[in-house]
Amino acid sequence: MVESSARGRVNLIGDHTDYTGGLVLPMVLECCTTIEGDDTDDGRWHLESADEPEPTRFAVSDVDLHDLRPRWGRYVAAVVHEVRALGVAVRGFRGRVTTTIPIGSGLSSSAALEVAVARIALADDSSRLSDSEVAQLCRRAEHAASGVPCGIMDQLCIVAGRPGHATLIDCHSLDLEHIELPDHLEVMVEFIAPRTLAGSEYADRVDETRRAEQMIGPLRQATVADVEAIGDDLIRRRARHVVTENQRVRDFVTALTAADDAEVGRLMVESHRSLATDFETSTPMMDAAVDRLLATPGVIGARMTGGGFGGCVVALRRR
Ligand code: GLA
């Protein structure tokens with residue numbers, strides 16, 4: 001019997017920065033996706049899912065993502081395809097997927113599925129690959145399966161994250177650092193509305209930041225003064241979010257380490273406002289949830305988390 005598990009993730013701060021090589025601070029959650037099953041010699045994958053009516057089946061040597069139904073099977077097949085592209089002889093597999101990650105809620109259920117599949121498909125070759133190589137493989141699979149040009153945050157946090165710690169990731173160098181959460185704080189995640197990034201304005205935001213970079217160079221190195229020189233109002237606002245968000249991630253880590261709750265909370269709220277106004281990825285329901293959480297006793301900060309356009313909000317509360 002083979003078993004592979006991967007956790008969901010929530011981002012504490014640093015959203016819409018990863019695809020410009022910026023800074024992010026996600027952490028793994030307790031909820032996870034688990035695949036159990038057995039290797040087979042027939043060269044085929046056959047996975048049932050407790051949450052999907054139809055199983056996914058495909059031949060390892062003949063993956064055609066476009067025609068593959070049901071759609072969730074595309075994530076599985078895309079990972080198998082990427083692993084084979086590394087020259088690994090992927091075996092057949094028959095098994096079952098279960099998950100405690102709410103699907104389509106912005107807690108990276110698809111990235112967790114990718115990572116769990118990658119560990120099975122890589123089998124003994126897993127040890128050849130670094131965490132960031134596994135994450136990059138899964139990111140390529142996500143692009144192929146969903147068409148969403150996501151960054152590396154979700155996959156790398158899920159591969160490398162440690163329970164009880166946030167993962168500070170430099171999405172340019174892919175260096176990471178585990179930051180312990182202080183004992184007196186707990187993370188609250190509240191689901192607001194279902195969302196899928198496919199077909200959302202996510203890809204527009206990626207394009208808009210590219211346009212900003214054509215004007216002023218890499219946003220991870222840009223200053224607020226550079227941003228203010230951008231003539232186009234929309235592009236300037238998008239760039240301003242990214243540049244100020246990178247600084248907020250740095251300041252947040254400093255404040256968290258110093259147990260400066262007031263500053264931690266202020267930065268979360270500022271991040272939310274920047275995502276809502278400059279980056280326009282929040283929704284009225286998410287804004288209202290953040291305001292409600294901020295009025296809750298013990299809550300020091302709250303913000304939307306992840307890609308936005310629905311999904312979840314995250315808050316930090318004193319225990
Ligand atoms: C989604 C993407 C990530 C990241 C976030 C926003 O979760 O998958 O790569 O861009 O949105 O921070």
Side-chain angles (χ1 to χ4, degrees), residues 6-29 75 78-79 101-115 132 135-161 166-172 174 176 189 191-210 213 219-220 238-239 241-246 248-249 252 267-268 271-272 274-276 278-283 286 303-314:
R7 293 168 183 263
R9 71 94 189 92
V10 68
N11 192 18
L12 295 182
I13 196 161
D15 271 310
H16 288 277
T17 50
D18 60 350
Y19 47 79
T20 54
L23 301 175
V24 295
L25 191 71
M27 63 181 293
V28 284
L29 295 166
Y75 294 92
V79 173
I101 307 172
I103 296 169
S105 63
L107 300 179
S108 289
S109 51
S110 63
L113 177 62
E114 289 151 16
V115 172
S132 63
Q136 283 171 303
L137 180 160
C138 292
R139 179 192 183 196
R140 290 195 297 274
E142 173 85 37
H143 287 193
S146 70
V148 176
C150 69
I152 192 73
M153 168 171 76
D154 306 346
Q155 289 82 4
L156 189 48
C157 172
I158 290 170
V159 172
T167 321
L168 174 62
I169 306 174
D170 175 327
C171 298
H172 179 68
L174 301 188
L176 57 85
V189 180
F191 174 65
I192 305 301
R195 72 107 178 91
T196 160
L197 292 180
S200 76
E201 290 175 35
Y202 185 94
D204 298 338
R205 296 297 179 275
V206 175
D207 271 358
E208 289 155 2
T209 56
R210 296 236 161 93
E213 295 201 315
L219 289 178
R220 69 191 160 81
R238 303 300 192 240
H241 165 72
V242 175
V243 170
T244 57
E245 185 80 345
N246 282 333
R248 279 188 289 271
V249 176
F252 186 93
L267 289 162
M268 288 179 86
S271 167
H272 180 80
S274 176
L275 285 158
D278 277 349
F279 221 68
E280 297 180 276
T281 51
S282 186
T283 64
M286 299 176 95
R303 58 187 290 282
M304 60 151 275
T305 180
F309 311 110
C312 288
V313 296
V314 63

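Here the structure is a predicted model, which is why all the values come from computation and not from measurement. Whatever order the structure lists them in is the order used to number ligands and atoms, beginning at 1.
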Please list, one pair per line, the donor and acceptor atoms closer than 3.5 Å that link side chains of residues 101-109 to other protein atoms, with sequence neighbours excluded.
from   : atom 1 : to     : atom 2 : distance (Å)
Ser105 : OG     : Pro102 : O      : 2.7
Ser108 : OG     : Arg9   : NE     : 3.3
Ser108 : OG     : Asp154 : OD2    : 3.3

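A side-chain N or O of Glu142 and one of Ser110 form a donor-acceptor pair less than 3.5 Å apart. Using modelled atom types, one finds no donor on one side chain facing an acceptor on the other under 3.5 Å when comparing Thr209 with Arg205.
Remark: Pro149 engages Tyr202, Ala203, Val206 in a side-chain contact (heavy atoms from CB on, under 4.5 Å) (not counting sequence neighbours). With sequence neighbours left out, the side-chain hydrogen bond (donor to acceptor under 3.5 Å, both in side chains) criterion links Tyr19 to His16.
The contact shell of ligand 1, taken as protein residues with any non-hydrogen atom closer than 4.0 angstrom, comprises Arg9, Asp15, His16, Asp18, Tyr19, Cys150, Gly151, Met153, Asp154, Leu197, Tyr202, Gly306, Gly307.
For Arg210, the CZ atom sits in a loose shell: 12 or fewer heavy atoms of surrounding residues, nucleotides or ligands are nearer than 6.0 Å.
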